[in-house]
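Following: one structure in C-alpha coordinates, then a few remarks.
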Amino acid sequence: QVQLVESGGGLVQAGGSLRLSCAASGRTFSSYTMGWFRQAPGKEREFVAAISRSGDSTYYPDSVKGRFTISRDNAKATVYPQMNSLKPEDTAVYYCAARTVLGMIGAGSFYQYWGQGTQVTVSS
(Lines give C-alpha, C1' and ligand atoms only; values in the text may rest on other atoms or scores of the structure.)
Protein backbone atom coordinates (compact mmCIF):
# COMPACT_ATOMS: atom_id res chain seq x y z
CA GLN A 1 0.00 0.00 0.00
CA VAL A 2 1.13 3.58 -0.61
CA GLN A 3 0.13 6.90 0.91
CA LEU A 4 0.08 9.98 -1.32
CA VAL A 5 0.27 13.62 -0.28
CA GLU A 6 -0.09 16.43 -2.80
CA SER A 7 1.27 19.94 -2.39
CA GLY A 8 2.00 23.03 -4.44
CA GLY A 9 -1.49 24.18 -5.31
CA GLY A 10 -2.56 27.78 -5.09
CA LEU A 11 -3.79 30.83 -6.93
CA VAL A 12 -2.10 31.89 -10.16
CA GLN A 13 -2.94 34.28 -12.96
CA ALA A 14 -3.76 33.03 -16.41
CA GLY A 15 -0.59 32.37 -18.34
CA GLY A 16 1.31 31.56 -15.19
CA SER A 17 2.87 28.34 -13.97
CA LEU A 18 2.63 26.01 -11.02
CA ARG A 19 4.55 22.93 -10.05
CA LEU A 20 2.66 20.41 -7.99
CA SER A 21 4.26 17.63 -6.00
CA CYS A 22 3.05 14.27 -4.81
CA ALA A 23 5.09 12.57 -2.13
CA ALA A 24 4.59 8.87 -1.63
CA SER A 25 5.32 6.69 1.37
CA GLY A 26 4.90 3.00 1.94
CA ARG A 27 5.59 0.37 -0.66
CA THR A 28 8.40 0.90 -3.17
CA PHE A 29 7.52 3.95 -5.22
CA SER A 30 9.03 2.62 -8.41
CA SER A 31 6.43 -0.15 -8.38
CA TYR A 32 3.70 2.33 -9.29
CA THR A 33 2.57 3.98 -12.44
CA MET A 34 1.64 7.49 -11.32
CA GLY A 35 -1.14 9.68 -12.59
CA TRP A 36 -2.75 13.03 -12.00
CA PHE A 37 -6.40 13.84 -12.32
CA ARG A 38 -8.47 16.92 -11.67
CA GLN A 39 -12.03 17.71 -10.84
CA ALA A 40 -13.73 21.05 -11.16
CA PRO A 41 -16.99 21.84 -9.36
CA GLY A 42 -19.91 20.23 -11.11
CA LYS A 43 -17.70 18.37 -13.55
CA GLU A 44 -16.49 14.82 -13.86
CA ARG A 45 -12.97 13.80 -12.88
CA GLU A 46 -10.55 14.35 -15.76
CA PHE A 47 -7.25 12.67 -16.56
CA VAL A 48 -4.35 15.15 -16.64
CA ALA A 49 -1.12 13.20 -16.94
CA ALA A 50 0.56 9.90 -16.19
CA ILE A 51 4.09 8.56 -16.05
CA SER A 52 5.42 5.02 -16.21
CA ARG A 53 7.25 3.36 -13.35
CA SER A 54 10.65 4.11 -14.80
CA GLY A 55 9.68 7.56 -16.02
CA ASP A 56 10.45 6.68 -19.62
CA SER A 57 6.89 7.10 -20.84
CA THR A 58 4.48 9.96 -20.24
CA TYR A 59 0.86 10.43 -21.25
CA TYR A 60 -1.33 13.51 -21.63
CA PRO A 61 -4.78 14.33 -22.91
CA ASP A 62 -5.08 16.92 -25.67
CA SER A 63 -6.40 19.48 -23.20
CA VAL A 64 -3.00 19.83 -21.49
CA LYS A 65 -0.55 18.48 -24.05
CA GLY A 66 2.25 20.97 -24.64
CA ARG A 67 1.48 22.85 -21.43
CA PHE A 68 1.87 20.21 -18.71
CA THR A 69 4.90 18.02 -18.11
CA ILE A 70 4.99 15.16 -15.64
CA SER A 71 8.19 13.81 -14.15
CA ARG A 72 9.18 11.62 -11.24
CA ASP A 73 12.10 11.10 -8.91
CA ASN A 74 12.02 7.53 -7.69
CA ALA A 75 14.83 8.17 -5.20
CA LYS A 76 12.68 10.85 -3.55
CA ALA A 77 9.42 8.94 -4.10
CA THR A 78 7.89 12.03 -5.64
CA VAL A 79 6.06 12.87 -8.85
CA TYR A 80 5.84 16.39 -10.26
CA PRO A 81 3.45 17.86 -12.78
CA GLN A 82 4.81 21.12 -14.12
CA MET A 83 1.90 23.19 -15.36
CA ASN A 84 2.61 26.09 -17.71
CA SER A 85 0.45 28.53 -19.65
CA LEU A 86 -2.36 27.97 -17.20
CA LYS A 87 -5.89 28.86 -18.19
CA PRO A 88 -8.95 29.61 -16.05
CA GLU A 89 -10.41 26.30 -17.23
CA ASP A 90 -7.53 24.53 -15.49
CA THR A 91 -9.06 25.52 -12.16
CA ALA A 92 -9.83 22.36 -10.21
CA VAL A 93 -8.77 20.15 -7.35
CA TYR A 94 -5.81 18.13 -8.56
CA TYR A 95 -5.34 14.56 -7.35
CA CYS A 96 -2.32 12.30 -7.43
CA ALA A 97 -2.97 8.60 -7.97
CA ALA A 98 -0.98 5.39 -8.10
CA ARG A 99 -1.57 2.04 -9.73
CA THR A 100 0.05 -1.33 -10.15
CA VAL A 101 -2.59 -2.88 -12.37
CA LEU A 102 -2.73 -2.77 -16.14
CA GLY A 103 -5.47 -0.92 -17.98
CA MET A 104 -6.29 2.27 -19.81
CA ILE A 105 -3.78 4.83 -18.61
CA GLY A 106 -6.29 7.65 -18.36
CA ALA A 107 -9.01 5.72 -16.58
CA GLY A 108 -9.25 6.61 -12.93
CA SER A 109 -10.87 3.30 -12.07
CA PHE A 110 -7.53 1.53 -12.61
CA TYR A 111 -5.76 3.63 -9.99
CA GLN A 112 -5.81 1.97 -6.61
CA TYR A 113 -4.50 4.76 -4.39
CA TRP A 114 -5.37 8.44 -4.25
CA GLY A 115 -4.20 11.51 -2.46
CA GLN A 116 -6.42 14.09 -0.79
CA GLY A 117 -6.04 16.65 -3.55
CA THR A 118 -4.72 20.18 -3.83
CA GLN A 119 -6.64 23.19 -5.12
CA VAL A 120 -5.42 25.04 -8.19
CA THR A 121 -7.17 28.27 -9.06
CA VAL A 122 -6.33 30.21 -12.22
CA SER A 123 -7.65 33.76 -12.37
CA SER A 124 -8.39 35.53 -15.63
Worksheet item: Considering residues, nucleotides and ligands other than Arg45, do more than 12 of their heavy atoms fall under 6.0 Å from its CZ?
Response: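 Count over threshold, so yes.
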Measure the spacing between [atom1] of [X] and [atom2] of [Y] and express it to the nearest 0.5 Å.
X	Y	atom1	atom2	value
Lys87	Ser63	NZ	OG	8.5 Å
Ile70	Cys22	CD1	SG	9.0 Å
Ser52	Tyr59	OG	OH	5.5 Å
Thr58	Lys65	OG1	NZ	9.5 Å

Note, [X] side chain near [Y] side chain (heavy atom, < 4.5 Å):
X	Y	result
Gln82	Asn84	yes
Tyr95	Thr118	no
Gln13	Val122	no
Ser25	Val2	no
Glu6	Leu20	no
Phe68	Leu86	yes
Val120	Thr91	no

For the student: nearest non-hydrogen atoms of [X] and [Y], plus distance:
X	Y	answer
Thr100	Ser31	CG2-O, 3.8 Å
Ser21	Pro81	N-CD, 4.3 Å
Pro88	Ser124	CG-CB, 3.8 Å
Gly8	Leu18	O-CD2, 3.8 Å
Tyr111	Ala107	CD1-O, 3.3 Å

Practice prompt. Applying side-chain contact (heavy atoms from CB on, under 4.5 Å), run through Val12 and Ser17 and close with a yes or a no.
Written response: CA-CA 7 Å; Val12 63; Ser17 298; over 6 Å; no
Worksheet entry | Leu4/Gln116 under side-chain contact (heavy atoms from CB on, under 4.5 Å): CA gap, chis, key distance, verdict | CA-CA 8 Å; Leu4 305 172; Gln116 299 278 9; over 6 Å; no
Item to complete: Check the hydrophobic clustering (I, L, V, M, F, W, Y; side-chain heavy atoms under 4.5 Å; chains of links allowed) and say if Tyr60 and Ile51 are grouped together.
Response: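 In one cluster: yes.
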Worksheet entry | Connected via hydrophobic side-chain network under 4.5 Å: Trp114 and Ile105 |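 Hydrophobic grouping puts Trp114 with Ile105.
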Worksheet entry | Any side-chain donor near an acceptor of the partner, Asp73 and Thr78, under 3.5 Å |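 Absent: no donor and acceptor within the cut-off.
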Practice prompt. Kindly say whether Asp56 contributes a backbone atom to a donor-acceptor pair with the side chain of Ser54 at under 3.5 angstrom?
Written response: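 Checked: pair present.
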Discussion item. Determine whether Val5 and Gln3 satisfy the following criterion, side-chain contact (heavy atoms from CB on, under 4.5 Å), listing intermediate values before the conclusion.
Written reply: CA-CA 7 Å; Val5 178; Gln3 293 76 43; 5.7 Å; no
Which donor-acceptor pairs under 3.5 Å do the side chains of residues 32-39 make with protein atoms, sequence neighbours left out?
{"residue": "Arg38", "atom": "NE", "partner": "Glu46", "partner atom": "OE1", "Å": "2.8"}
{"residue": "Arg38", "atom": "NH1", "partner": "Asp90", "partner atom": "OD1", "Å": "2.8"}
{"residue": "Arg38", "atom": "NH1", "partner": "Tyr94", "partner atom": "OH", "Å": "2.9"}
{"residue": "Arg38", "atom": "NH2", "partner": "Glu46", "partner atom": "OE1", "Å": "3.2"}
{"residue": "Gln39", "atom": "NE2", "partner": "Lys43", "partner atom": "O", "Å": "3.0"}

Worksheet item: Do any pairs count as a salt bridge (charged side-chain N to carboxylate O under 4.0 Å, His left out) and have a residue in residues 104-124, sequence neighbours left out, and if so which ones?
Response: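 Salt bridge (charged side-chain N to carboxylate O under 4.0 Å, His left out) check on residues 104-124 returns no pairs.
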Worksheet item: Does NZ or CZ of Arg72 lie under 6.0 Å from the centre of the six-membered ring of Phe29, at an angle within 45° of the ring axis?
Response: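 Yes.
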